[in-house]
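A, B, ... follow the sequence lines: proteins, then strands. Residue 1 opens every chain.
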Amino acid sequence: MKKLINSPDEVVTDALAGIAAAHPGLSVDTKARVITRAAQTRIGKVALVSGGGSGHEPLHGGFVGTGMLDAACPGEVFTSPVPDQMLAAAKAVDGGAGVVFVVKNYTGDVLNFRMAAEFAEEEGISVQTVLVDDDVAVQDSTWTAGRRGTGATLLVEKMAGAAAEFGGSLAEVAATGRRVNAASRSFAVALTSCTTPAAGRPGFDLPEDEIEVGVGIHGEPGRSREKIRPARQIVADAMAAILDDQPLDPGEEVIALVNGLGGTPLLELYIVFGEVASVLAARGVRIARSLVGNYVTSLDMAGVSITLCRADEELLTLWDAPVNTPALRWGV
Amino acid sequence: MKKLINSPDEVVTDALAGIAAAHPGLSVDTKARVITRAAQTRIGKVALVSGGGSGHEPLHGGFVGTGMLDAACPGEVFTSPVPDQMLAAAKAVDGGAGVVFVVKNYTGDVLNFRMAAEFAEEEGISVQTVLVDDDVAVQDSTWTAGRRGTGATLLVEKMAGAAAEFGGSLAEVAATGRRVNAASRSFAVALTSCTTPAAGRPGFDLPEDEIEVGVGIHGEPGRSREKIRPARQIVADAMAAILDDQPLDPGEEVIALVNGLGGTPLLELYIVFGEVASVLAARGVRIARSLVGNYVTSLDMAGVSITLCRADEELLTLWDAPVNTPALRWGV
Amino acid sequence: MVGLELLDADAARDWMARTAAAVLDERDRLTELDAAIGDGDHGVSMVRGFTAVSAALAAAGELSLPGAVLLLAGRTLVSSVGGASGPLYGSALRAVGKALGDAGGADGKQVGAALGAGRDAIAALGGARGGDKTMLDAWIPAVAGFEFAVAGGGSLDAAAQFAAGAAEGGAEETVPMEARKGRASYLGPRSVGHLDPGAASTVLLFRALADAVG
Amino acid sequence: MVGLELLDADAARDWMARTAAAVLDERDRLTELDAAIGDGDHGVSMVRGFTAVSAALAAAGELSLPGAVLLLAGRTLVSSVGGASGPLYGSALRAVGKALGDAGGADGKQVGAALGAGRDAIAALGGARGGDKTMLDAWIPAVAGFEFAVAGGGSLDAAAQFAAGAAEGGAEETVPMEARKGRASYLGPRSVGHLDPGAASTVLLFRALADAVG
Ligand SMILES: Nc1ncnc2c1ncn2[C@@H]1O[C@H](COP(=O)(O)OP(=O)(O)O)[C@@H](O)[C@H]1O
Ligand SMILES: Nc1ncnc2c1ncn2[C@@H]1O[C@H](COP(=O)(O)OP(=O)(O)O)[C@@H](O)[C@H]1O
Ligand SMILES: [Mg+2]
Ligand SMILES: [Mg+2]
Ligand SMILES: [Mg+2]
Ligand SMILES: [Mg+2]
């Protein structure tokens, strides 16, 4: 394993030091492991807190700032943070109007955030949780852990963040987040595995001519292993999985996110975006807004995820609202 | 080789289609292979044109927009574009005040841009060329091709772009670009090679415990091959190379760019930035502005480049000026 | 060698210390099990957690009740591990500690009941059942085995030995299961054929208990 | 078999066609040479360029002058290759074409002078000299060999054969050189021990000329 790190144990601490040095607009508590905006939460504004394992950067720390998150809690690599972090974050950013936890649907994240929510309520902070579970590669059922949260997390954080900035109540901001999640579907394909600093070698071995289809963002194997194919066919299959799950009619509009998993060049992401645009054009679906880049990553994994969010006037307004974070910035 | 492409021959064409679909603010001529702003150049504004081989995205296409480039010409992967593209770009964006070519110092780029400049002058367009050669890994001499242009290209395009937007004359905008280049030094380290679609396999083989030190952005081997070391030591060596070449005194200010080469997670780039910040703090040098991310890449190469630009009031004003491009956006 | 008759504070400390040593020894195996059907952090997480437990217990100094030892251990796991295993193991040990109450030394029956409370805490928090291919598949037979041995007149020592063996058997049985909870559930049928990492670490916990009271 | 006495338009076309075939055959070798000390695109670039030349010549239809053929070929290379080799080979062939002027058929002396103009164009544009480990290290001996053969009374055919051999020798001599121009110069001493890719493609160009007039 070759990585630009000092030691596997210090990865998160050292990265937090770098984030602190790079972004004067953020305030980084390296001991409590909480990243907040440098400015205090406006009294009466609902605060958004998210977090999860590290290794998905810029998610979540890169989305802290005006119009998006108030705080992020980075866990160890691919390990959800602990309740203490979320509680510290909630206390730091509560502006009296309550806190929304944006939680990707993984058992670890769910349980730790649930405990944190209990602790926060005990301290008099109102908490609502928005669960993100957009990954159609996972069969949903009440008997299982359900679907994973992946690319839609960015969309939820952006639009719920805008709703909070616009003065929405705790219930309204949470409802916005849930609505975005309900409107979003994702599917991911990996060309390589990824290597966590602690494990030191790839989570799985993938032959030179095979890809993992339906992967998550933690280096887990996907639903199936298939032969490598031209981008056009890979995208066609991913889009079929998404559109089977949530059909889109001609005339409908989407926000489309083509997201790199960390090791794939932007050049290839644009090729994928071109194919996504073709599929949608053939269906008469309009791409109202889009984003192409590395936003919700899986360390050094080569691969791509596609997220479509069915959009309407309200969501587009929230999407276009000003945002000023390290990784997403417009309208400011 | 596994890549998200349709065929090695169609990489640039397909990516241009994706760029066109993703960015309504850009106008993409897929036949002439020129990316311009969707809006016409303001009469009297000096236009900035850059370009180079593909595979360095978001450079240059991602830097087209208000406050930065007026046009970009993407060549084949790692192959400089042809004069026809640059001429077409110059004709498309000349606003009557002339065109600045921002050229990375590679023989191919230099020769093709030189021919294009001749053709453009023949057609009555005034051209000034700014050569970027910031890479201290290469020994400079009048007998050689000189230093490579790498990370400083972003800084030149940003600040010369701002100078043009502020109404600078052709000579002034070019002078700004040259001043930024003269103030900038870079050094890069690769943990892996990269694979061009055409070659289908890595440019060089690098053992699991070795790194290439002093690499460029085209998958060429570097100046030397060394054992992998902790990030702190790798950064210390890179910073020594930079600071030996351009010493910085206590109290001086820099714009610091920690740039991923394409396959390195942002998590690691932040660790590197933290180390850069430590080295500068120990010298009493202040990081006035910074940027951490994948900006000047080398396909899927894992590694990092560090660029320091000695800043003053004027350069910081130009840096802070509004910019609205796919890959760099603030103040708008 | 004759085992302890009561689980006292020292034995509880010893249990935690032995668990810490065991997860350190087995770190790479736990990580590999987790890499196969999860995200490859279980070994590191358990080591981080029980290293923190050792430190917390050392910092706490004298603790006269085994319940207090386990409460602190559980709280420390919740605050230091993260992931699925942090809240689950943390809540389990907290429940064990709470169930031991203010007993200075707990006999087999008390320990059995406390372990049962730990198992129930995991089920309540995680919503899994036996057969879902989780740590519960080791906890359930382990507690059942413990209680069975005690009911049959077995010593604390013997019951703990029995529980450890049952945990091992239960863990083995996760191999052919298809996961329905936790990260492995995303793999669907591809999760079959692998030992659940949480079940594997549960074996270490019960083996450490047996060693501590043996 | 007796070779041509004059390089006419058909022979010039044939030269370009044979070069196109040769770079296609040798694409992977050129790419590998370039990967070792450059960026691994030389094979693809030459194929793209000479494929475009073939297409341009086909589209141009009748061209009665060899100079016109080579001017068009050079212009096409400039417009289709990019990189260092596009302008260099493009300018070289343009210079050759220009030097041939309006001769319907060029004899050995004329061809030799024209090839010399090509060499000079490369030197003027790229600023390299012999010994810098570039395509010039094949061009220089090739042109010298050609002129030497003609001066000694050799036929066009023989001169071209001689030139190709000299190009090959010159290319081989780049192996021990340390590059001072082009991308390989960044490697400093590490560029030693490798054949220069542009010198290798120059051999193909001169071999194709020999075959075309042979
Ligand atoms: N809902 C659940 N109930 C009980 N145990 C669970 C549940 N989800 C996961 N586990 C256990 O947690 C283990 C994984 O722990 P760990 O790797 O530390 O957490 P994570 O999955 O968050 O990375 C699994 O092997 C399984 O035994
Ligand atoms: N200044 C120069 N003068 C002459 N030939 C050069 C010069 N620079 C490079 N070359 C030639 O160009 C070749 C590389 O061509 P190519 O790989 O197509 O371009 P690039 O280096 O732009 O990728 C080198 O092998 C060398 O022979
Ligand atoms: Mg985990
Ligand atoms: Mg090239
Ligand atoms: Mg795990
Ligand atoms: Mg090359």
Side-chain angles (χ1 to χ4, degrees), chain A residues 8-9 33 51-53 55 73-85 87 106-116 119 135 137-139 141-148 193-204 214-225 298, chain C residues 27-28 30-32 34-49 51-52 75-91 94 121-122 124-129 131-135 178-191 194 198:
Chain A
D9 300 338
R33 294 200 169 182
C73 311
E76 287 294 325
V77 172
F78 289 173
T79 302
S80 90
V82 298
D84 310 52
Q85 290 172 266
L87 178 63
Y106 299 98
T107 305
D109 295 70
V110 169
L111 298 184
N112 285 283
F113 269 105
R114 191 192 298 163
M115 291 189 136
F119 298 160
D135 183 357
V138 175
Q139 238 85 56
S141 124
T142 45
W143 300 105
T144 64
R147 286 181 167 171
R148 294 177 286 225
S193 181
C194 61
T195 302
T196 61
R201 52 200 186 76
F204 51 84
V215 295
I217 53 173
H218 296 88
E220 321 92 318
R223 294 290 293 186
S224 62
R225 186 166 285 196
S298 186
Chain C
R27 185 185 62 181
D28 292 349
L30 295 178
T31 290
E32 273 165 39
D34 196 28
I37 54 172
D39 58 354
D41 62 352
H42 190 58
V44 177
S45 289
M46 294 302 286
V47 168
R48 184 173 60 252
T51 306
R75 231 172 30 236
T76 304
L77 289 180
V78 168
S79 296
S80 64
V81 177
S85 48
L88 291 169
Y89 274 117
S91 301
R94 271 160 50 98
I122 293 172
L125 188 64
R129 308 169 177 212
D132 283 354
K133 195 180 185 111
T134 71
M135 58 174 68
E178 181 173 329
R180 276 190 299 262
K181 291 286 175 189
R183 214 172 273 285
S185 69
Y186 306 140
L187 287 179
R190 287 179 89 187
S191 64
H194 300 273

- Message: Under 4.5 Å from any heavy atom of chain A, what part of C:Ser79 do you find: side chain, backbone, both or neither?
- Response: both
- Item | Passing option when C:Pro87 is tested against A:Asn112, A:Val82, A:Val110 for side-chain contact (heavy atoms from CB on, under 4.5 Å) | A:Asn112
- Looking only at non-hydrogen atoms, find the nearest pair between A:Ala199 and C:Gly40 and report the distance. CB-O, 4.4 Å
- Task: Count the heavy-atom pairs under 4.5 Å between each of A:Gln85, A:Arg147, A:Met115 and chain C, then report the option with the highest count.
- Result: A:Met115
- Item | For the student: nearest non-hydrogen atoms of C:Arg183 and A:Tyr106, plus distance | NH1-CD2, 3.8 Å
- Looking at C:Thr31, C:Asp28, C:Val78, which has the largest count of heavy-atom pairs under 4.5 Å with chain A? C:Val78
- Message: Please report the interatomic distance CZ(A:Arg114) to CG(C:Leu125), rounded to the nearest 0.5 Å.
- Response: 5.5 Å
- Message: To the nearest 0.5 Å, what is the distance between CZ on C:Arg48 and CD on A:Glu76?
- Response: 4.5 Å
- Query: Who among A:Asp109, A:Thr107, A:Leu111 has the most heavy-atom pairs with chain C under 4.5 Å?
  - Reply: A:Leu111
- Query: Which heavy atom in C:Arg190 sits nearest to a heavy atom in A:Arg225, and how many Å separate them?
  - Reply: NH2-NE, 4.0 Å
- Task: Please state whether the side chain, the backbone, both or neither of C:Ser80 comes within less than 4.5 Å of a heavy atom of chain A.
- Result: backbone
- Counting heavy-atom pairs under 4.5 Å with chain A, the top scorer among C:Gly182, C:Gly86, C:Ala179 is C:Gly182
- Item | Option among C:Asp39, C:Val44, C:Asp34 that satisfies the side-chain contact (heavy atoms from CB on, under 4.5 Å) test with A:Phe78 | C:Asp39
- With a 4.5 angstrom heavy-atom cut-off, which part of A:Asp84 approaches chain C: side chain, backbone, both or neither? side chain
- Side chain, backbone, both or neither of C:Arg27 within contact of chain A (heavy atoms, under 4.5 Å): neither
- Message: Quick check on A:Phe204 against chain C: is it the side chain, the backbone, both or neither that has a heavy atom closer than 4.5 Å?
- Response: neither
- Item | Region of A:Val138 that comes under 4.5 Å of a non-hydrogen atom in chain C | side chain
- Task: Under the salt bridge (charged side-chain N to carboxylate O under 4.0 Å, His left out) rule, collect the residues that match up with C:Arg180, sequence neighbours excluded.
- Result: C:Asp132
- Item | Which atoms of A:Arg33 approach chain C - backbone, side chain, both or neither, heavy atom under 4.5 Å | neither
- Message: Once salt bridge (charged side-chain N to carboxylate O under 4.0 Å, His left out) is applied, do any residues pair with A:Asp135, and if so which ones, sequence neighbours excluded?
- Response: A:Arg148
- Out of A:Thr196, A:Thr79, A:Val215, which one racks up the most heavy-atom pairs below 4.5 Å with chain C? A:Thr79
- Output the option from A:Pro81, A:Pro221, A:Gly203 having the highest count of non-hydrogen pairs under 4.5 Å with chain C. A:Pro221
- Query: At a heavy-atom separation under 4.5 Å, does A:Ser224 approach chain C through its side chain, its backbone, both, or neither?
  - Reply: backbone
